[in-house]
Amino acid sequence: MQRREARRFIDTKRDRVETPLAYDYRPMSAARESPLTRADVVHVANLARLALSDDELDRLTTELAGILAHAQDISALDLSGLPPTSHPLPLVNVFRPDKVRPGADRSEVLAMAPAAESDRFRVPKILGES
Amino acid sequence: MSLAVSGPTASAIAHGVRTGERRAVEVLEEHLARVSAHEGDIHAFNLVLTEQARAQAAAVDDAVAAGHDPGPLAGVPIALKDNLCTRGIPTTCSSKILEGWRPPYSATVVERMAAAGAVFVGKTNLDEFAMGSSTENSAFGPSHNPHDLTRVPGGSSGGSAAAVTAGFAALGVGSDTGGSIRQPAALCGVVGMKPTYGLVSRYGLIAFASSLDQIGPFAHTVEDAALLLEVMAGHDPLDSTSIPSPSPGLRASLGQGVKGLRVGIIEELSGEGIAADVARRTVFAAEALAAAGAKIDTVSVPATRFGLSAYYLIAPAECSSNLARYDGVRYGLRVTPEGNDTNIADMMAATRAAGFGPEVRRRIMLGTYALSAGYYDAYYGQAQRLRTLIIAQFASAYERFDVLLTPTAPTTAFAFGAKTADPMTMYLNDVCTIPSNLAGHPAISVPVGVGDDGLPVGAQILGPALSEALILRAARVIEQAL
């Protein structure tokens, strides 16, 4: 009975999408050739807030291109009829009772910060960022 | 010389302690003695919790003496992967960026095991932030396979697998995002299981890829794995992805056998790329099931061929988002570059470059790229649609079969450095385990003897969502045939 209760949250229509085993793996006509350049890698390192050395930027340009080349096998498939799955469990709008419960202890949390002052996290200046 | 042991089992320890036949402190000292003797060679732990474990064991004995039942894990020494938060106790993810951090709370699974009488021996080594298949990506050096110290234990939960294998703990806890419990279990010759997504609360598990991560057990026996999973599973209001249902009973049906069970061997994951000796042991597993009355056939699940590619877009994309929180502001490392004009962005970039190791930096870069403008749909979106296809094809397969069978890992344990030169070579370790994570389904690795090199081989049994009891039963049959 517990099992059936739980199943309610697993079995959804999405699990029964009509996709026979003999799915047509037709490549898309405009499959992208490996597009990664060193300039892309520099840009992405900035987005990811990683101060990488020139050597590592060079190495990552090669390595990421290799991994993305492997990913071409799926980026070349025509899967346009299928909805994306972001999450295996179709649980949505999960609520809990609106009841006060203890949170983390502030001094315990701040004690682990690299720098703290007046019950706050202290950071270098945030203005004048280029 | 092998440092592997085959017990004692958690079930026997808990039974002995609960009935007063054994004392928890004695059980613990036996395990600590093996730690003292061999941890220098194996490096399973980032931290051994000797004094805390002694206090926990003494409290268990006091409870028994006072006529209280400490619970189903009474006095069982357990090794915790070091990406599980333990309040006041360093939790590092084997990363320099969290070195010295002591969490202000404990993971739900840690609380549940403690409440069931468990004794925590230590925090185990892993590939940094659980990204890897060998523990070679740990910032604190790799763990060694107790069967052969020149080989990796697998990963990312290699420390927990090695700790159980070497008898440092009777049970281990790991996390499995693409095979990080099952692959090290196979390489170390122990049982390892990834439960259904949502069955075990992840509150306090440091996130890697949130749509894939799941906590699960390492054990000497299938029964012990079921015991630990029973304690860890069940709804937790602190995890919004937790299935709102109590922990299922798993041990009661363990001995029911597999008569009439329909077992499908996945063709795409059993031939090409699988070492011949590993493939032979998978056949042994199928024969063991057949001898016990199961019906064996092959089944094609073609989209599983693309699982690896989908995984290595989805997991890095999610990790690039989850690991954005390590920015030198609230916890962990902070590196401030020299100069009067340093701003917060400079500090964050310097901190993250210094604190993350090469594999973590590589995956953050890959994920950031895959999610960036212009590429989102071609990479991440496409991987998500492939995920839908895998789920649908599994659903078709489970109309004809109750469970599916594959090898767990393509080879036995490999030598240090053998797969570190090219990231794709290492990633191929997870080719058989990844599809279950993408689908959110449970899967278990059970030992099936040794390969040509004398090292352990694991077979993997996969089932549909919430089929834990069924795949445990099948694993038990294989275990008994060995």
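Side-chain atoms are counted along with the backbone in the values below, which use heavy atoms only and exclude waters and symmetry mates. A, B, ... follow the sequence lines: proteins, then strands. Residue 1 opens every chain.
- Comparing B:A383, B:A349, B:G367 by how many heavy-atom pairs each has under 4.5 Å with chain A, the most go to B:A349.
- Among residues 106-113 of chain A, the residues having any heavy atom closer than 4.5 Å to a heavy atom of chain B are, in sequence order, A:E108, A:V109, A:M112, A:A113.
- Using a 4.5 Å cut-off between heavy atoms, B:F394 does not touch chain A at all.
- Contacts between B:Y331 and chain A at a heavy-atom distance below 4.5 Å involve backbone atoms as well as side-chain atoms.
- Of the atoms belonging to A:V94, it is side-chain heavy atoms, and not backbone ones, that fall under 4.5 Å from chain B.
- The minimum heavy-atom distance between A:L36 and B:Y369, with the atom names listed, is CD1-CE1, 3.4 Å.
- Across B:N343 and A:P124, no two heavy atoms sit closer than the pair C-CB, 4.0 Å.
- Put simply, NE2 on A:H87 and OG on B:S210 are 7.5 Å apart, with the number rounded to the nearest 0.5 Å.
- For B:A350 against A:A51, the heavy-atom pair with the smallest separation is N-CB, 4.1 Å.
- The contact between B:S242 and chain A is made entirely by backbone atoms, counting heavy-atom distances below 4.5 Å.
- The two atoms that bring A:P88 and B:A439 nearest to each other are CB-O, 3.7 Å, heavy atoms only.
- Between chain A and the options B:L323, B:V329, B:T241, the largest number of non-hydrogen pairs under 4.5 Å is found for B:V329.
- Within the 4.5 Å cutoff, the side chain of B:R334 has heavy atoms near those of the A:V123 side chain.
- Few gaps surround CZ on A:R38; more than 12 heavy atoms of other groups in view lie less than 6.0 Å from it.
- Rounded to the nearest 0.5 angstrom, A:R49 CZ and B:M348 CE are separated by 7.0 Å.
- Distance check: A:L89 CG to B:Y197 OH gives 6.5 Å after rounding to the nearest 0.5 Å.
- Considering A:L47, A:D40, A:V41 as possible partners of B:M365, the one that fulfils the side chain to side chain contact (heavy atoms under 4.5 Å, CB included) test is A:V41.
- Interface remark: A:L60 contributes side-chain atoms only to the contact with chain B (heavy atom separation under 4.5 Å).
- Remark: B:R102 CZ is loosely packed, at most 12 non-hydrogen atoms of other residues, nucleotides or ligands lying under 6.0 Å away.
- The OH atom of B:Y379 lies 5.0 Å from the CD atom of A:Q72; values are rounded to the nearest 0.5 Å.
- When every heavy atom of B:R362 is checked against every heavy atom of A:I67, the shortest pair comes out as CD-CD1, 4.2 Å.
- Put simply, of A:D105, A:N46, A:L64, the one with the most heavy-atom pairs under 4.5 Å next to chain B is A:L64.
- Of the atoms belonging to B:L98, not a single heavy atom falls under 4.5 Å from chain A.
- In this structure, the portion of A:R122 lying under 4.5 Å from any heavy atom of chain B is its backbone and not its side chain.
- To the nearest 0.5 Å, atom OG of residue B:S309 and atom CD1 of residue A:I74 are 5.5 Å apart.
- Closest heavy-atom contact between A:K125 and B:D341: NZ-OD1, 2.7 Å.
- Heavy atoms closer than 4.5 Å to chain A are found nowhere in B:Y380, neither backbone nor side chain.
- Using a 4.5 Å cut-off between heavy atoms, B:P103 contacts chain A through its backbone alone, with no side-chain atom that close.
- Panel note: side chain A:T85, backbone B:R387; no donor-acceptor pair is recorded below 3.5 Å.
- No other option in A:R96, A:E63, A:R59 has as many heavy-atom pairs under 4.5 Å with chain B as A:E63.
- A distance of 7.0 Å separates CG of B:L313 from CG of A:L68, quoted to the nearest 0.5 Å.
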